[in-house]
Protein chains: 2
Amino acid sequence: MIYSSELLKGTLKTIVLKLLADNKKMYGYEITQKVKELTLDKIQITEGALYPTLHSLEADGLVTTETEFIGKRVRKYYSLSPSGKNKTKEKVSELADFMETMKFLLDIKPKTA
Amino acid sequence: MIYSSELLKGTLKTIVLKLLADNKKMYGYEITQKVKELTLDKIQITEGALYPTLHSLEADGLVTTETEFIGKRVRKYYSLSPSGKNKTKEKVSELADFMETMKFLLDIKPKTA
DNA sequence: ATAGATACATTAGATTCTTATGTATCTTTG
DNA sequence: CAAAGATACATAAGAATCTAATGTATCTAT
């Protein structure tokens with residue numbers, strides 16, 4: 001089972017930032033595989049979603065990049081900048097808070113009005 | 001504090017369905033107020049987001065409507081259809097599952113590789 | 001050799017939201 | 001009683017963010 005794609009909307013950036021916070025530096029393909037692995041295939045990040053997200057994080061100064069060659073193949077590593085580290089804390093705690101609120105909303109008991 | 005809007009994406013439909021499951025019938029404005037109240041103003045559904053969502057649920061046969069007049073003012077009540085009730089269970093349980101997965105992802109401890 | 005995995009990237013199109021606008025009625029308050 | 005704010009519906013332009021498709025190229029296993 002894979003979650004319907006709309007659920008990922010709004011959380012992808014946070015997932016990527018959190019992974020970078022935990023792993024120091026990662027490259028795009030590695031991120032897709034890591035998420036797939038950690039979620040037992042339930043969340044699969046497509047490249048069409050990931051790369052624009054990474055580029056946008058870079059444009060916002062939240063991550064920095066370094067290119068490495070593996071043989072002849074290029075690999076682009078992403079790391080959190082200082083402001084990226086702050087942003088990660090904000091986003092993760094906001095998402096955690098949001099999930100608490102959602103849990104409450106989803107558990108509302110029937111009204112006997 | 002209001003959650004950044006992107007977090008709502010993908011969860012709005014589920015919220016609406018769940019509220020209808022718990023309250024039998026509700027009208028649009030009532031839904032916005034109920035969500036505001038239950039979430040202590042942290043989630044505010046805008047009308048521009050809500051009405052298209054309600055119309056889409058109706059077009060999919062998940063809700064039925066009945067119009068009522070309060071004085072001269074019209075009020076449009078929405079109720080779950082049988083298929084809407086099934087859909088609600090699916091969506092709520094999928095979202096609950098997704099949130100568990102996200103919680104796990106967000107709690108990943110740093111790798112000491 | 002060839003298929004599948006690794007690795008980057010872009011683009012057209014779909015979805016779903018925000019913000020603004022429009023219409024109209026009802027209620028409260030100075 | 002006029003004006004402001006709340007109630008109640010709705011649509012539309014534009015932004016954001018995803019999917020699905022496509023492209024290029026290298027590496028690895030069969």
Side-chain angles (χ1 to χ4, degrees), chain A residues 2-17 19 25-37 41-60 62-63 65-78 91 95 98 102, chain B residues 2-17 19 25-37 41-60 62-63 65-78 91 95 98 102:
Chain A
I2 298 174
Y3 299 124
S4 53
S5 62
E6 77 244 22
L7 286 176
L8 195 62
K9 294 196 184 188
T11 59
L12 178 55
K13 222 165 231 173
T14 306
I15 292 173
V16 170
L17 287 172
L19 282 179
K25 69 175 191 175
M26 296 182 86
Y27 55 98
Y29 186 77
E30 185 184 14
I31 292 174
T32 65
Q33 297 308 302
K34 196 73 182 174
V35 170
K36 198 165 167 324
E37 174 202 330
D41 290 10
K42 289 190 282 190
I43 297 179
Q44 303 204 6
I45 299 178
T46 61
E47 294 169 296
L50 180 63
Y51 289 116
T53 295
L54 287 171
H55 299 162
S56 141
L57 292 173
E58 189 178 12
D60 291 344
L62 301 176
V63 299
T65 62
E66 39 182 326
T67 295
E68 194 172 290
F69 277 88
I70 308 297
K72 281 178 192 168
R73 198 154 51 179
V74 77
R75 189 181 276 178
K76 199 165 161 190
Y77 278 100
Y78 291 83
K91 296 286 263 179
L95 183 48
F98 177 76
M102 284 302 298
Chain B
I2 300 175
Y3 298 124
S4 53
S5 62
E6 77 242 23
L7 286 177
L8 196 61
K9 295 196 183 186
T11 60
L12 179 54
K13 222 165 232 173
T14 306
I15 291 173
V16 170
L17 288 171
L19 282 179
K25 68 175 190 174
M26 296 182 87
Y27 55 98
Y29 187 75
E30 186 185 12
I31 292 174
T32 65
Q33 298 308 302
K34 196 73 181 173
V35 169
K36 198 165 167 327
E37 175 202 329
D41 292 11
K42 289 190 281 189
I43 297 180
Q44 302 204 8
I45 298 179
T46 61
E47 295 170 294
L50 180 63
Y51 289 115
T53 295
L54 287 170
H55 299 162
S56 140
L57 292 173
E58 190 178 11
D60 290 346
L62 301 176
V63 300
T65 62
E66 39 183 326
T67 295
E68 193 173 290
F69 276 89
I70 307 297
K72 283 178 191 167
R73 198 155 49 181
V74 77
R75 191 180 275 176
K76 199 165 161 191
Y77 278 100
Y78 291 83
K91 295 286 264 180
L95 183 49
F98 177 76
M102 283 302 298

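Convention: sequence-line order gives letters A, B, ...; per-chain numbering from 1.
- Between dC8(C) and Thr67(A), no contact under 4.0 Å exists linking OP1 or OP2 to a side-chain N or O.
- Computed from coordinates, the Leu50(B) CG to dT18(C) P distance equals 11 Å when rounded to whole Å.
- With rounding to whole Å, Arg75(B) atom CZ is found 11 Å from dC26(C) atom C1'.
- The distance between atom CD of Gln33(A) and atom P of dC8(C), rounded to the nearest whole Å, is 11 Å.
- For Tyr51(B), no side-chain nitrogen or oxygen approaches OP1 or OP2 of dA10(D) to under 4.0 Å.
- In this entry the distance linking CD1 of Ile43(B) with P of dC17(C) reads 12 Å, nearest Å.
- Contact annotation for Lys9(A): base contact, defined as any heavy-atom pair under 4.0 Å involving a base atom.
- For the pair Gln44(A) CD and dC18(D) P, the computed distance is 16 Å after rounding to whole Å.
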### Query
Given Gln44(A) and Thr32(A), is the side-chain contact (heavy atoms from CB on, under 4.5 Å) satisfied, shown in steps?
CA-CA 7 Å; Gln44(A) 303 204 6; Thr32(A) 65; over 6 Å; no
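- Between His55(B) and dC9(D) there is no side-chain polar atom (N or O) within less than 4.0 angstrom of OP1 or OP2.
- Atoms OH (Tyr29(A)) and P (dA9(C)) sit 15 Å apart, rounded to a whole Å.
- Shown here are the side-chain hydrogen bond (donor to acceptor under 3.5 Å, both in side chains) partners of Glu58(B), two or more places apart in sequence or in another chain: Thr65(B).
- With rounding to whole Å, Leu12(A) atom CG is found 13 Å from dT19(D) atom C1'.
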### Task
Apply side-chain contact (heavy atoms from CB on, under 4.5 Å) to the pair Ile15(A) and Met102(B), showing each step before the final yes or no.
CA-CA 8 Å; Ile15(A) 292 173; Met102(B) 283 302 298; 3.7 Å; yes
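- Partners of Lys91(A) under the side-chain hydrogen bond (donor to acceptor under 3.5 Å, both in side chains) rule, at least two apart in sequence or in another chain, are Glu6(B).
- Using a 4.0 Å heavy-atom cutoff across all strands shown, Thr53(A) reaches sugar-phosphate atoms only and no base atom.
- In terms of the side-chain hydrogen bond (donor to acceptor under 3.5 Å, both in side chains) criterion, Thr46(B) has no residue partners (sequence neighbours excluded).
- By the side chain to side chain contact (heavy atoms under 4.5 Å, CB included) test, Lys13(B) is found to be paired with Thr53(B), Ser56(B), Leu57(B), residues two or more places apart in sequence or in another chain being considered.
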For residues 70-78 of chain A, run the donor-acceptor check on the side chains, cut-off 3.5 Å, and write out each pair with its distance to 0.1 Å, sequence neighbours left out.
| residue | atom | partner | partner atom | Å |
| --- | --- | --- | --- | --- |
| Arg75(A) | NH1 | Tyr77(A) | OH | 3.2 |
| Arg75(A) | NH2 | Tyr27(A) | OH | 3.4 |

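- Between the P atom of dA16(D) and the CG atom of Leu57(A) lies a distance of 15 Å, rounded to the nearest Å.
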### Query
How does each nucleotide of nucleotides 20-30 of chain D score, in 5' to 3' order, for protein heavy atoms under 4.0 Å: base (B), sugar-phosphate only (S), or none (-)?
B-----BS---
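- Toward the 5' end of DNA chain C, the nearer of the two residues Tyr27(A) and Ile45(B), judged by each one's closest nucleotide, is Tyr27(A).
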